[in-house]
Number of protein chains: 2
Amino acid sequence: MDHASPLGGPTGPNALEVLRTSSMSRVVQGEIEKIILSGVYGPGEKLNEKALADRLGVSRGPVREAFQALNARGLVEMIPNRGVFVQQITRHDAVAIYDVRAGLFGTACRLLAERITADQMANLKVLLAQMDAVGARRDLEAYFPLNLAFHTAIVGGVGNRYLADAYSALVSRLQLFRARGLVHGGGFESSNIEHRAIVAALDARAPLGAFEAGYAHVQSGKHRVMSSGDGPEAQI
Amino acid sequence: MDHASPLGGPTGPNALEVLRTSSMSRVVQGEIEKIILSGVYGPGEKLNEKALADRLGVSRGPVREAFQALNARGLVEMIPNRGVFVQQITRHDAVAIYDVRAGLFGTACRLLAERITADQMANLKVLLAQMDAVGARRDLEAYFPLNLAFHTAIVGGVGNRYLADAYSALVSRLQLFRARGLVHGGGFESSNIEHRAIVAALDARAPLGAFEAGYAHVQSGKHRVMSSGDGPEAQI
DNA sequence: ACGATAAATATTGTCAACGATCTACAATTT
DNA sequence: AAATTGTAGATCGTTGACAATATTTATCGT
């Protein structure tokens, strides 16, 4: 099975720009991350240095450097003299990650409530309406990107790089916890109700209410995911 | 000036154990991190690969791998074909980091309020009393470790690895923002009052109140630091 | 046939070297 | 004199090679 296209193929938009701004190891890191998050390797599976290097058309050096970065981001586990393995996220871990994510998302809502612009507010309401419409049709394929855009608009809208980075690091780790599981809908209604509560609090410029709404929303998402079997799937 | 002792010297407890469990690049990473956080290199200063490698008695490979990890942790900035530089934390950045830290610390307090044990509660009260006593004497040297222990007891007491890691990553970054500045006291009283509010909320097992108390405490700390000149110093 | 031991293979950790890129300085031109 | 161009040195990015460690396979003994 093709895990990755050997570099030089249609990897990026234009290889010229990529290779000038980014170093090889950064490209390699992105490729390996895509491979890991795509789920083809499975949690706990070993990542062979030489095999990856050959597949990506580079030597082991850049691969090892990429491993260090991925390890710091919590996507792989490194055991000295043994090798690098895809990080295993247990059910217990996922709960812990969701708790932190809830706190960060709530914080994002709180901070955004203190500084949200009219344009941002309007954008969120548009997304909300679209999600309502799509949710009524139970169209999961269309709902997913809208939901992602909604969350991104909130977390990114704060304009706090450190908040956004920490949040996306948690989301990445959480992606490791859907061991090849299918995406499974359900909970459109409650999710949309929570979204409305968040927007309402933001519209009222109520930091405390916004925090609570955001925190509760992620916690609800945690319960939705956790209550649906061992190898979980949805993230609404 | 001696930036670091060449490995093999009295760096760690016993080099044998360290070298068996940890790889060289991990040791190197720790050494470089200590060097950076010690502040001898100054924000924005360049870290020369060969110079660091020579000083640590290794080749450039492990140093480059350590750089990747430190970059992912936000302690250095890597510019392709230019080099690695100590991350610069501007005043604006520090404010952003404090905001995230406030949210995380508040979340820690909230989660801890839901599960704190009697032993943990007692420990916090002991620390609180000690800080009161030391604060009354205005003994900053003694206050600092107690304050650190108090915060660590809360964040670590939750038992959430991801929360603790994210929090300490922010604290590390924040350390970059005391550009060789002296530690400057002041605010003992307000800080202690806030500590008491946190403990009271935890004792009452009140998640919401605990969050607010923790969040407000870090925000107050932010204002204490930010209001004291450009190159800030204290972190109480 | 099963388990323990030993050789063989594979993989990791580290290093030194090579080409590519950048930086600093001097010579030249306007 | 200021700006620009050209060159020399330093530094970075990558690679291939070697030693150390782990894993697999083969062999031996009970």
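The model shown is predicted, which means the values in this text are computed figures rather than measured ones. Naming convention: chains lettered A, B, ... in sequence-line order (proteins, then strands); numbering from 1 in each chain.
- Residue I79(B) contributes atom CD1, which lies 11 Å from atom P of dG13(D) at whole-angstrom precision.
- Side-chain atoms of S38(A) come within 3.5 Å of backbone atoms of I35(A) as a donor-acceptor pair (strictly under, hydrogens ignored).
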Contact list (N/O, under 3.5 angstrom) for nucleotides 21-23 of chain D vs protein:
from    : atom 1 : to     : atom 2 : distance (Å)
dT23(D) : OP1    : R82(A) : NE     : 2.5
dT23(D) : OP1    : R82(A) : NH2    : 3.3

Filtered N/O pairs between nucleotides 18-20 of chain C and protein, under 3.5 Å:
none

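- If you check dT15(D), dG13(C), dC15(C) against the side chain of V58(A), the one that comes closest is dT15(D).
- Atom-to-atom distance recorded for Y98(A):OH and Y162(B):OH is 13.0 Å, nearest 0.5 angstrom.
- A straight line from NZ of K50(B) to C1' of dC15(C) spans 12 Å, rounded to a whole angstrom.
- At a threshold of 4.0 angstrom between heavy atoms, the contacts of G61(A) include nucleobase atoms, whether or not backbone atoms are also involved.
- When only modelled atom types and interatomic distance are considered, D93(A) and Q88(A) share no side-chain donor-acceptor pair under 3.5 Å.
- Atom CG of L37(A) and atom CG of L75(A) lie 5.5 Å apart (nearest 0.5 Å).
- As a whole-Å value, the separation of N48(B) CG from dA10(D) C1' is 9 Å.
- Counting only residues at least two apart or in different chains, salt bridge (charged side-chain N to carboxylate O under 4.0 Å, His left out) contacts with residues 66-88 of chain B comprise E33(B)-R73(B).
- A donor and an acceptor atom, one from each side chain of R101(A) and Y167(A), are located under 3.5 Å apart.
- dA16(C) atom C1' lies 13 Å from atom CG of D54(B), rounded to whole Å.
- Checking D99(A) against Q219(A) by side-chain atom types alone, a donor-acceptor pair falls below 3.5 Å.
- In this structure, the salt bridge (Lys or Arg N to Asp or Glu O under 4.0 Å) partners of R60(B), at least two apart in sequence or on a different chain, are E49(B).
- Centroid-to-centroid, the aromatic rings of F211(B) and Y215(A) stay 6.0 Å apart or farther.
- Rounded to a whole Å, the CG atom of N71(A) is 12 Å from the P atom of dG13(C).
- Residues meeting the salt bridge (Lys or Arg N to Asp or Glu O under 4.0 Å) test with K50(A), sequence neighbours left out: D54(A).
- Atom CE in M78(B) sits roughly 10 Å away from atom C1' in dC12(D) (whole-Å rounding).
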Could you list all N or O pairs between the protein and nucleotides 7-9 of chain C that sit under 3.5 Å apart?
none

Subject >> Full working for side chain to side chain contact (heavy atoms under 4.5 Å, CB included) between V27(B) and L56(B) >> reply: CA-CA 10 Å; V27(B) 178; L56(B) 296 174; over 6 Å; no
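- The CD-P distance, from E65(A) to dT15(D), rounds to 10 Å in whole Å.
- In this structure, F67(A) atom CZ and dG13(C) atom C1' are separated by 14 Å, rounded to whole Å.
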